[in-house]
Amino acid sequence: MTKELMQVYQKTVLEHSRKPHHFGKLVNATHSAEGFNPLCGDKVTVHLTMNSNGTINEVSHETTGCAICMSSASMMADAIQALDSAAANALCSQVHTMLTSDSNDNPPGMPLKSLEGVRAYPSRVKCATLPWQTLLTAMMGETLTTTE
Amino acid sequence: MTKELMQVYQKTVLEHSRKPHHFGKLVNATHSAEGFNPLCGDKVTVHLTMNSNGTINEVSHETTGCAICMSSASMMADAIQALDSAAANALCSQVHTMLTSDSNDNPPGMPLKSLEGVRAYPSRVKCATLPWQTLLTAMMGETLTTTE
Amino acid sequence: MNSPLFNIDSIRAEFPILQQQVNGHRLAFLDNAASSQRPDAVIDAVSDYYRNDHANVHRGVHHLSHRATDAYEGAREKIRAFINARSIREIVFTSGTTESINLLANSLGQTMQAGDEVIVSRMEHHSNIIPWKLLAERIGIVIKVAPINEQGELVLDELAKLFSKKTKLLAISHVSNALGTINPVADIVALAKQQDVLVLLDGAQAIPHGKVDVQAIDCDFYAFSSHKMCGPTGVGVLYARESLLENMPLFMGGGEMVIAVSFEKTIYNDLPYRFEAGTPPIAQAIGLGAAIDYLEGIGMDKIAAYEHHLLELATTALSDIEGLRIIGTAAKKAAVISFVFDDIHPHDLGTVLDHQGVAIRTGHHCANPVMDFFGVPGTARASLAFYNDAEDIEQLVKALRVAVDMFR
Amino acid sequence: MNSPLFNIDSIRAEFPILQQQVNGHRLAFLDNAASSQRPDAVIDAVSDYYRNDHANVHRGVHHLSHRATDAYEGAREKIRAFINARSIREIVFTSGTTESINLLANSLGQTMQAGDEVIVSRMEHHSNIIPWKLLAERIGIVIKVAPINEQGELVLDELAKLFSKKTKLLAISHVSNALGTINPVADIVALAKQQDVLVLLDGAQAIPHGKVDVQAIDCDFYAFSSHKMCGPTGVGVLYARESLLENMPLFMGGGEMVIAVSFEKTIYNDLPYRFEAGTPPIAQAIGLGAAIDYLEGIGMDKIAAYEHHLLELATTALSDIEGLRIIGTAAKKAAVISFVFDDIHPHDLGTVLDHQGVAIRTGHHCANPVMDFFGVPGTARASLAFYNDAEDIEQLVKALRVAVDMFR
Ligand SMILES: Cc1ncc(COP(=O)(O)O)c(C=O)c1O
Ligand SMILES: Cc1ncc(COP(=O)(O)O)c(C=O)c1O
């Protein structure tokens with residue numbers, strides 16, 4: 001396998017995809033949204049409980065999708081726990097930029113840094129961004145998003 | 001001008017087209033039909049009075065069309081006068097064959113002999129056959145025909 | 001008019017079809033309003049695509065599918081820029097102008113009811129009449145017809161009187177294919193906006209001949225065909241204002257336009273895909289993109305200026321021929337000249353001209369109501385493109401003189 | 001299988017796109033069910049047409065218009081002969097299978113009323129579901145769904161029970177694009193005829209892979225796409241029995257499909273033109289004609305036999321891979337193999353395979369109800385054509401083993 005491909009399917013990614021964190025429904029969710037990727041049939045449901053000042057208390061996702069989508073959702077859930085909505089929004093756009101731009105100066109500790117390699121595969125970028133777009137949709141109080 | 005073209009627009013044809021015979025409506029027509037050529041907008045209306053045993057007593061045509069269509073209608077009207085329907089039908093198919101086949105052995109006195117040259121112009125063959133097709137339609141008691 | 005800015009000889013050299021002889025004569029192709037010809041750049045773009053990049057679009061993860069999707073969507077972006085739409089979401093690929101108009105009639109038709117009115121004009125092509133007549137038959141809408149004058153121009157005062165509370169759409173050609181008239185579309189749109197009426201422009205004959213800016217015109221819908229603007233056959237465009245398209249009922253159903261389907265529930269795709277059912281005309285859209293590159297390489301303004309020069313040349317030359325009457329003498333005209341002789345049928349003219357290598361169209365040009373208005377069964381029509389030259393016009397005039405001698 | 005009868009090497013040499021490297025590997029193109037590739041003969045037929053003969057069809061008296069019309073109508077005759085229709089009046093050009101089915105749904109829909117039933121099957125492509133769902137939403141027809149079994153075969157007994165007095169149409173695929181199942185269409189038609197029900201066959205996946213004879217099958221309608229049978233994109237066909245087509249309500253309106261138009265009255269054209277509105281996909285139809293010549297030059301029976309041989313080879317080889325499960329194991333199959341791994345997502349497979357030059361499709365293949373039935377979000381699908389060879393299959397298997405190692 002080439003280096004490029006190993007970059008995408010690196011150890012962290014495969015581990016998250018095999019055992020996703022925060023997987024499942026959330027009783028008492030205040031916000032939920034579904035996201036689809038019509039290209040491959042990936043589907044992500046994001047559940048949140050947000051308190052009145054907009055902080056994310058709990059998060060979970062139900063993802064049927066490829067390794068990239070699954071691990072992106074898993075890492076996202078890890079990262080946004082306890083953020084307020086402004087911070088979550090900011091993170092969304094940071095991640096989005098990282099996954100779609102050419103720049104390489106992303107801090108090493110940054111969530112999804114390990115998914116950077118996906119940029120070499122334009123058709124797969126949407127797999128990584130879908131959970132984040134669905135998160136945005138959920139935070140806005142909407143229920144459906146698609147990647148096309 | 002080439003010989004081919006002069007063959008189509010020969011003197012007889014141009015004369016008929018300038019002064020078509022039997023042009024106009026027919027009071028007491030027993031059979032009438034309209035024919036269209038959508039390609040060029042040619043329109044022929046054939047009126048007949050046929051007696052009970054199927055003989056064509058009178059014939060007229062109202063033609064808006066090109067020189068070929070006009071002269072074909074004019075020559076047709078000359079030719080079918082007083083024919084019975086079997087003879088008229090036979091003539092129709094003779095003329096049709098002459099205008100569409102490659103054979104050259106058509107009797108010199110035959111109606112439309114002078115339009116033989118049209119065979120070199122496939123798109124114009126329909127101009128010559130339209131009056132005859134409309135005649136057939138009229139004899140069958142129908143009212144509309146088209147060449148496509 | 002060979003100038004460093006517009007070198008007609010080198011342009012002609014790029015059109016392989018023009019290099020042939022017909023009936024032993026140089027080909028003077030003057031039937032461009034029916035369908036244009038293609039430069040090598042467009043023909044090669046299509047072949048190259050098939051040779052190197054083809055796969056179905058949007059649904060694949062493999063390289064070819066990517067390349068095909070990028071090329072196809074790249075063409076959409078070229079079209080957006082070409083007509084200055086706001087977003088590619090406003091660019092729907094169809095099979096041609098006719099399908100674009102039918103899409104609209106079918107979709108808007110689902111929101112109309114008996115008695116609703118659609119205004120068209122007397123100078124429309126059948127493609128902008130029949131779809132509305134079908135709606136009239138199916139659901140009872142009423143078609144109102146804006147009149148034209150003896151020059152073949154729309155009578156704006158009369159058009160203005162046709163609006164009523166029931167008017168849902170004004171559907172009108174930007175340029176008439178039978179007369180050449182260029183309609184004052186921005187004024188017409190302004191008129192309609194005052195009445196809150198949507199406007200569809202049939203741009204089939206306008207788009208090949210000058211810069212079209214849908215935002216400047218401010219129309220709601222704009223339809224055109226690739227094959228009339230040096231692109232492949234089999235593809236066209238419906239531009240539609242996004243805010244309208246967003247809420248329009250669907251036309252056709254199939255792959256591409258849905259996200260998820262069960263027999264109970266369907267989730268439809270985003271714009272513009274919701275209106276593109278099935279595998280699209282991929283190679284043709286890419287070819288259309290190449291045609292746009294080619295046209296812009298020359299410059300739409302230069303094309304318009306050069307064609308106007310040809311039109312004046314041809315109009316003057318034809319006016320000299322005794323008995324020739326030009327149908328369509330609007331003050332603003334595209335390079336289309338319809339003409340008749342009282343004593344020579346257009347069809348006979350066509351044959352005699354073809355014999356001399358001159359290709360014109362004869363007949364009703366799919367615009368029967370125009371023919372009825374002028375009381376002619378049809379016309380002969382010479383329609384010019386930027387790859388025509390003065391020699392084509394000389395050849396036309398010479399051939400017409402031969403025909404006149406023959407039939408008189 | 002290189003034999004004097006079927007020389008795969010010389011066939012492959014005729015497909016320029018197959019000669020490339022992808023990601024440093026030989027290209028193994030196994031996404032033919034999505035869209036096929038084209039031989040030089042087809043690509044050149046389209047270019048040659050544009051270079052030498054193009055003009056708009058049917059309406060011109062000049063030479064190019066003639067040549068174009070002859071070529072276009074000649075293609076129609078080739079298609080007639082290819083599927084053994086009785087007459088060219090039964091061959092309607094459309095933009096593809098999807099439009100063919102929408103044409104039918106729209107036309108027949110005008111004769112249906114709320115409660116009327118259309119039977120489809122569980123294995124249909126979205127293109128044969130959504131048009132009927134749109135009719136269900138618009139006028140209240142009822143869709144009944146014929147079930148399939150675990151092998152992905154239609155359950156004929158259950159299908160037979162779905163007919164009622166209200167059944168107006170059975171719309172079913174000849175070959176499933178997601179499963180490869182070849183349906184016993186002649187038997188199905190016989191069943192439907194007993195109930196006086198019309199039958200539409202979606203032939204998109206059948207026509208490239210073997211001889212189709214619409215008279216022998218005795219179906220009423222047959223839809224297919226050029227781009228899946230080595231022809232250009234942007235054109236397809238609806239075959240319709242003449243006696244039915246004669247009385248069917250119109251779909252789209254425009255030029256070509258009318259003879260005379262005034263605002264009061266329209267006289268429609270003859271068959272099949274009445275159903276072809278606007279300038280047709282001229283170059284694409286001609287390219288499709290060239291594709292038919294090419295396919296018949298090889299022989300549809302030989303193509304079917306060779307593909308069957310490839311299918312067996314591939315099925316055996318894939319079955320050896322641990323954890324790989326084939327979805328769609330009908331007794332009669334076309335060369336389509338859908339498969340899944342419980343622990344590897346098809347999309348990831350697709351990327352890893354593409355990296356090794358192997359192009360397959362992954363996802364729902366526009367057949368969501370099939371995916372739901374088998375309880376999978378999607379599959380990986382290798383679909384073979386007559387220009388594939390044993391090396392393509394070896395490359396697929398090798399690439400799959402790499403992927404398995406990577407994800408386990
Ligand atoms: C079985 C089947 N039906 C219909 C279609 C739709 O064909 P097209 O996209 O060419 O309209 C396809 C191809 O995607 C198919 O496989
Ligand atoms: C003004 C006008 N509208 C519509 C059309 C129809 O275009 P198409 O045949 O490409 O659908 C044409 C061309 O024939 C036209 O000239």
Side-chain angles (χ1 to χ4, degrees), chain C residues 16-17 22 31 34-35 37-38 43 47 50-52 54-56 59-64 95-96 98-99 102 126-127 129-131 133-134 145 227 232-235 250 252-255 258 260-263 266 277-279 281-284 347 350-351 354 359 361-363 366 368-369 372, chain D residues 16-17 22 31 34-35 37-38 43 47 50-52 54-56 59-64 95-96 98-99 102 126-127 129-131 133-134 145 227 232-235 250 252-255 258 260-263 266 277-279 281-284 347 350-351 354 359 361-363 366 368-369 372:
Chain C
I17 202 166
V22 162
D31 188 20
S35 195
Q37 300 299 350
R38 285 119 200 82
I43 301 170
S47 307
Y50 285 137
R51 275 184 220 286
N52 302 312
H54 175 68
N56 213 327
R59 283 171 292 186
V61 287
H62 57 77
H63 265 66
L64 290 184
S95 63
T98 301
E99 186 171 294
N102 278 274
H126 294 166
S127 288
I129 298 175
I130 316 282
K133 287 198 65 164
L134 291 175
V145 185
H227 73 93
T233 57
V235 67
L250 298 168
M252 293 200 261
V258 293
V261 177
S262 71
F263 284 105
T266 307
T279 301
I282 309 170
Q284 292 72 45
H347 212 169
T351 295
D354 179 51
R361 186 127 311 210
T362 61
C366 292
N368 277 163
D372 292 348
Chain D
I17 203 166
V22 163
D31 188 20
S35 195
Q37 300 298 351
R38 285 119 202 82
I43 301 171
S47 306
Y50 284 137
R51 275 184 221 287
N52 302 313
H54 173 70
N56 213 327
R59 285 172 291 186
V61 287
H62 57 78
H63 265 67
L64 291 184
S95 63
T98 301
E99 185 170 294
N102 278 275
H126 293 166
S127 288
I129 297 176
I130 315 282
K133 287 198 64 164
L134 290 177
V145 186
H227 73 95
T233 57
V235 66
L250 298 169
M252 293 199 262
V258 292
V261 176
S262 70
F263 285 103
T266 307
T279 301
I282 308 170
Q284 293 71 45
H347 211 169
T351 295
D354 178 51
R361 185 126 313 209
T362 61
C366 291
N368 278 163
D372 293 347

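A, B, ... follow the sequence lines: proteins, then strands. Residue 1 opens every chain. Everything quoted here is computed from the prediction, not taken from an experiment.
For the pair S47(D) (side chain) and I43(C) (backbone), a donor-acceptor distance under 3.5 Å is absent. The main-chain N or O of G278(C) is never found under 3.5 Å from a side-chain atom of S127(D) such that the two would form a donor-acceptor pair.
In this structure, the side chains of S262(C) and D372(D) come closer than 4.5 Å at one or more pairs of heavy atoms. Put simply, the side chain of L134(C) reaches to within 4.5 Å of the side chain of L250(D), judged on heavy atoms. I17(C) has its side chain out of reach of Y50(D): every pair of non-hydrogen atoms, C-beta onward, lies at least 4.5 Å apart. The side-chain heavy atoms of T266(D) and K133(C), taken from C-beta on, include a pair separated by under 4.5 Å.
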Could you walk me through whether M252(C) and T98(D) pass the side-chain contact (heavy atoms from CB on, under 4.5 Å) check? CA-CA 8 Å; M252(C) 293 200 261; T98(D) 301; 5.5 Å; no
| message | Go through it in stages, so that I can follow the logic: the residues are I282(C) and H227(D), the test is side-chain contact (heavy atoms from CB on, under 4.5 Å), and I'd like the CA-CA distance, side-chain angles, deciding distance and then a yes or no. | response | CA-CA 10 Å; I282(C) 309 170; H227(D) 73 95; over 6 Å; no
Give the C-alpha distance, both sets of side-chain angles, the deciding distance and a yes or no for side-chain contact (heavy atoms from CB on, under 4.5 Å) between V261(C) and I129(D).
CA-CA 9 Å; V261(C) 177; I129(D) 297 176; 4.2 Å; yes
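Between chain C and the residues V22(D), V145(D), V235(D), the largest count of heavy-atom pairs under 4.5 Å involves V145(D). Between chain C and the options V258(D), N102(D), N52(D), the largest number of non-hydrogen pairs under 4.5 Å is found for N102(D). Contacts with chain C were tallied for G350(D), S95(D), S35(D); S35(D) has the most, counting heavy-atom pairs under 4.5 Å. Per-residue counts of heavy-atom pairs under 4.5 Å with chain C were compared for T279(D), T351(D), I130(D); the largest is that of I130(D).
Remark: Q37(D) CD to L64(C) CG distance equals 6.5 Å, nearest 0.5 Å. The distance from atom CG of N56(D) to atom CG of D31(C), rounded to the nearest 0.5 Å, is 7.5 Å. Summarising the geometry, atom OG1 belonging to T362(D) is positioned 8.5 Å from atom NE2 belonging to H62(C); distances are rounded to the nearest 0.5 Å.
Counting all heavy atoms, side chain and backbone alike, P232(D) lies closest to Q284(C) at CB-NE2, 4.4 Å. Across all non-hydrogen atoms, the minimal contact from H126(D) to G255(C) is CB-N, 4.2 Å. G253(C) approaches P131(D) most closely through the heavy-atom pair O-CG, 3.5 Å.
Heavy-atom distances place the side chain of R38(D), and not its backbone, under 4.5 Å from chain C.
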